[in-house]
Student: 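This structure is in structure tokens; I'll ask about it shortly.
The structure displayed is predicted, hence computed values, not measured ones. For reference, positions follow the sequence shown, starting with 1.
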Amino acid sequence: MAAAWQDYQEEAAAFFRSLGMDAQTDVTVQGARTKHDVDVLVKSHHVGFEVTWIVECKCWQSPVNKLHVLALREIVADTGADRGMLLSESGFQIGAKEAAALTNVHLQSLAESEAAASAEVIAMRLAELNDRAQKCRATYWELPKSLRIEHGLRPDVGEFGYSGDAVIKLAENTILKAFRGVYPFEADYMSRAASSWVFPEVLNSPQLVVAHLEPLVAELEGKLATCVAALPADHPLRLGNGS
């Protein structure tokens with residue numbers, strides 16, 4: 001039977017996995033100066049985007065003190081992690097809170113972590129989708145019109161069908177509204193009609209924005225990759241020098 005502290009670690013790891021992140025318990029991490037044993041190592045990998053969090057789980061009956069915050073700060077600094085988290089359901093001493101203030105070490109209960117991390121992960125995914133949409137835009141307009149028509153990135157003049165430009169505009173417009181954080185909001189009708197995916201008229205949450213935009217952007221990236229592969233070998237896009 002697992003000890004309470006092991007259950008707490010696994011519960012924390014399971015939460016981060018539910019957000020689509022990689023989470024492993026009882027991991028040894030190599031730092032610049034030494035190795036560190038951490039309770040939960042959390043990583044998130046996206047296109048051009050990666051974060052690492054080191055999570056320490058304190059399943060104690062008493063509040064966590066300052067020394068444990070200082071120790072985690074050292075681990076985060078030595079490993080180059082983006083964030084450190086101390087999880088405790090019994091609270092934190094005043095000294096611990098002072099030691100964590102204005103640093104990248106955060107003190108939370110698991111419930112508080114769930115709310116904060118969910119919002120942060122969604123914000124990161126929106127930023128990543130925006131970056132991907134901008135890369136799609138740059139690549140799309142560098143491709144010859146005839147090649148875009150040939151590979152189904154746009155319809156021919158006077159015809160109707162899939163439009164990469166409309167998909168990019170839909171993504172940009174939707175992400176801009178999502179960044180404003182005012183829900184619900186309506187998606188652009190004309191751009192929606194040009195997508196091969198069923199895109200909702202109204203979006204009620206950032207989670208829905210990510211869920212509906214991810215496959216749409218991924219499909220466009222796939223079409224663009226196929227089109228780029230048809231270019232001459234010495235074309236800047238093939239050489240990776242395109243904007």
Student: Are side-chain heavy atoms of Pro155 and Phe160 found at a separation under 4.5 Å?
Tutor: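 Sidechains of Phe160 and Pro155: no contact.
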Student: Could you give me the CA-CA distance, side-chain angles and deciding distance for Arg137 and Glu172, then say whether salt bridge (Lys or Arg N to Asp or Glu O under 4.0 Å) is met?
Tutor: CA-CA 10 Å; Arg137 171 176 286 283; Glu172 291 174 339; 2.9 Å; yes
Student: Using a 6.0 Å cut-off, check whether atom NZ of Lys66 has over 12 heavy atoms from anything other than its own residue.
Tutor: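 No.
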Student: How long is the straight-line distance from CG of Asn204 back to OH of Tyr183, given to the nearest 0.5 Å?
Tutor: 9.5 Å
Student: Quick check: closest heavy atoms across Val198 and His212, and the distance to 0.1 Å?
Tutor: O-ND1, 4.1 Å
Student: Would a 4.5 Å heavy-atom cut-off, applied to side chains only, mark Met85 and Gln108 as touching?
Tutor: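 With C-beta onward as the side chain, the pair touches.
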Student: Considering only heavy atoms from C-beta outward, does the side chain of Tyr162 approach that of Val167 to under 4.5 Å?
Tutor: yes
Student: Under a 3.5 Å distance rule, please check whether Gln207 uses its side chain to pair with a backbone N or O of Ile122 as donor and acceptor.
Tutor: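 Looks like no, no N/O pair under 3.5 Å.
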Student: Taking the side chain as every heavy atom from C-beta outward, state whether Glu56 and Leu87 have any pair of such atoms under 4.5 Å apart.
Tutor: no
Student: Determine whether Arg17 and Asp22 make a side-chain contact, defined as any pair of heavy atoms from C-beta on separated by less than 4.5 Å.
Tutor: no
Student: Could you pull out the closest heavy-atom pair between Ser90 and Ser62, with the gap in Å?
Tutor: CB-O, 3.7 Å
Student: Give me the atom names and distance for the closest heavy-atom approach of Leu86 to Phe92.
Tutor: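 Shortest heavy-atom separation between Leu86 and Phe92 comes out as O-CZ, 3.4 Å.
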Student: Check Ile75, Leu70, Val69 against Val105 for a side chain to side chain contact (heavy atoms under 4.5 Å, CB included) and give me the one that passes.
Tutor: Val69
Student: Using a cut-off of 6.0 Å, state whether more than 12 heavy atoms not belonging to Gln30 lie near its atom CD.
Tutor: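 Enclosed.
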Student: Determine whether Lys169 and Asp165 satisfy the following criterion, salt bridge (Lys or Arg N to Asp or Glu O under 4.0 Å), listing intermediate values before the conclusion.
Tutor: CA-CA 6 Å; Lys169 289 177 180 176; Asp165 181 46; 3.2 Å; yes
Student: Could you go through the side chain to side chain contact (heavy atoms under 4.5 Å, CB included) check for Phe185 and Val209 one step at a time?
Tutor: CA-CA 10 Å; Phe185 64 78; Val209 170; 3.9 Å; yes
Student: Under 4.5 Å between side-chain heavy atoms, counting indirect links through other Ile/Leu/Val/Met/Phe/Trp/Tyr residues: same cluster for Trp5 and Val55 or not?
Tutor: no
Student: In terms of side-chain geometry, is the basic nitrogen of Arg33 or Asp78 positioned less than 4.0 Å from the acidic oxygen of its partner?
Tutor: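 Between Asp78 and Arg33 there is a salt bridge, with a charged N closer than 4.0 Å to a carboxylate O.
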Student: According to a hydrophobic-cluster definition based on side-chain heavy atoms being under 4.5 Å apart (Ile, Leu, Val, Met, Phe, Trp, Tyr only), do Leu72 and Tyr8 belong together?
Tutor: no
Student: Charged N to carboxylate O under 4.0 angstrom, Glu214 versus Arg132?
Tutor: yes
Student: Taking Leu153 as the starting point, is it possible to reach Val228 by hopping between hydrophobic residues whose side chains are less than 4.5 Å apart?
Tutor: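 Yes, same cluster.
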Student: Do the side chains of Lys58 and Glu89 get close enough for a salt bridge, i.e. N-O under 4.0 angstrom?
Tutor: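 Looking at Lys58 and Glu89, the cut-off is not met.
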Student: Within a strict 4.5 Å, meaning less than it, do heavy atoms of the Glu221 and Val217 side chains meet?
Tutor: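 With C-beta onward as the side chain, the pair touches.
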Student: Applying side chain to side chain contact (heavy atoms under 4.5 Å, CB included) to Thr34 and His36, what does each step give before you reach the verdict?
Tutor: CA-CA 7 Å; Thr34 186; His36 305 275; 3.5 Å; yes
Student: Cut-off 3.5 Å, side chains only: do Thr25 and Glu10 have a donor facing an acceptor?
Tutor: yes
Student: Please report whether the ring centroid of Trp60 lies less than 6.0 Å from that of His68.
Tutor: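 Yes, close enough.
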Student: Whether the side chain of Gln24 engages the backbone of Val42 through a donor-acceptor N/O pair (distance < 3.5 Å, no angle test) should be reported.
Tutor: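 A pair under 3.5 Å: no.
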Student: List the atom of Tyr140, the atom of Ile168, and the distance in Å for their closest heavy-atom pair.
Tutor: CB-CD1, 4.0 Å
Student: How many angstroms lie between atom OG1 of Thr79 and atom CD of Glu74, to the nearest 0.5 angstrom?
Tutor: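 The CD atom of Glu74 is 10.5 Å from OG1 of Thr79, to the nearest 0.5 Å.
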Student: Quick check for you: to the nearest 0.5 Å, what is the distance between Leu129 atom CG and Cys136 atom SG?
Tutor: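 Spacing of CG (Leu129) from SG (Cys136) equals 10.0 Å.
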Student: At what distance, to the nearest 0.5 angstrom, does OG1 of Thr139 lie from CZ of Arg148?
Tutor: 11.5 Å
Student: Roughly how far, to the nearest 0.5 Å, is the CG atom of Leu126 from the CG atom of Leu213?
Tutor: 8.0 Å
Student: Please check this pair: side chain of His235 against backbone of Leu237, looking for a donor-acceptor N/O pair closer than 3.5 Å.
Tutor: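 Yes: the side chain of His235 pairs with the backbone of Leu237.
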Student: Quick one: pull up CG in Asp39 and CD1 in Ile54 and give me the separation to the nearest 0.5 Å.
Tutor: 10.5 Å
Student: Could you state whether Trp141 and Leu220 fall into the same hydrophobic cluster, counting links through intermediate Ile, Leu, Val, Met, Phe, Trp or Tyr residues with side-chain heavy atoms under 4.5 angstrom apart?
Tutor: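 Yes.
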Student: Does Val27 share a hydrophobic cluster with Phe16, counting links as ILVMFWY side-chain heavy atoms below 4.5 Å and allowing steps through other members?
Tutor: no
Student: Got a donor-acceptor contact below 3.5 angstrom from the Thr103 side chain to the Ala100 backbone?
Tutor: yes
Student: Side-chain contact test, heavy atoms from C-beta onward, threshold under 4.5 Å: evaluate it for Gln93 versus Val64 and give yes or no.
Tutor: no
Student: Let's go through Glu150 and Leu147 carefully: what are the C-alpha distance in whole Å and the side-chain angles of both, what is the deciding distance for side chain to side chain contact (heavy atoms under 4.5 Å, CB included) to 0.1 Å, and is it a yes or a no?
Tutor: CA-CA 5 Å; Glu150 180 184 345; Leu147 203 60; 3.7 Å; yes
Student: Compare all side-chain heavy atoms of Leu231 with those of Leu143 and state whether any distance is below 4.5 angstrom.
Tutor: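 Counting from C-beta outward, Leu231 and Leu143 do come under 4.5 Å.
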Student: Write down the atom of Ala229, the atom of Arg238, and the distance for their closest heavy-atom approach.
Tutor: O-NH1, 3.2 Å
Student: Main chain of Ile149, side chain of Arg154: is a donor-acceptor contact present, judged purely on distance under 3.5 Å?
Tutor: no
Student: Apply side chain to side chain contact (heavy atoms under 4.5 Å, CB included) to the pair Val38 and Trp53, showing each step before the final yes or no.
Tutor: CA-CA 10 Å; Val38 302; Trp53 296 347; over 6 Å; no
Student: Show the nearest heavy-atom pair for residues Val40 and Ala23, with the distance to one decimal.
Tutor: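 Heavy atoms only, the tightest pair is CG1-CB, 4.2 Å.
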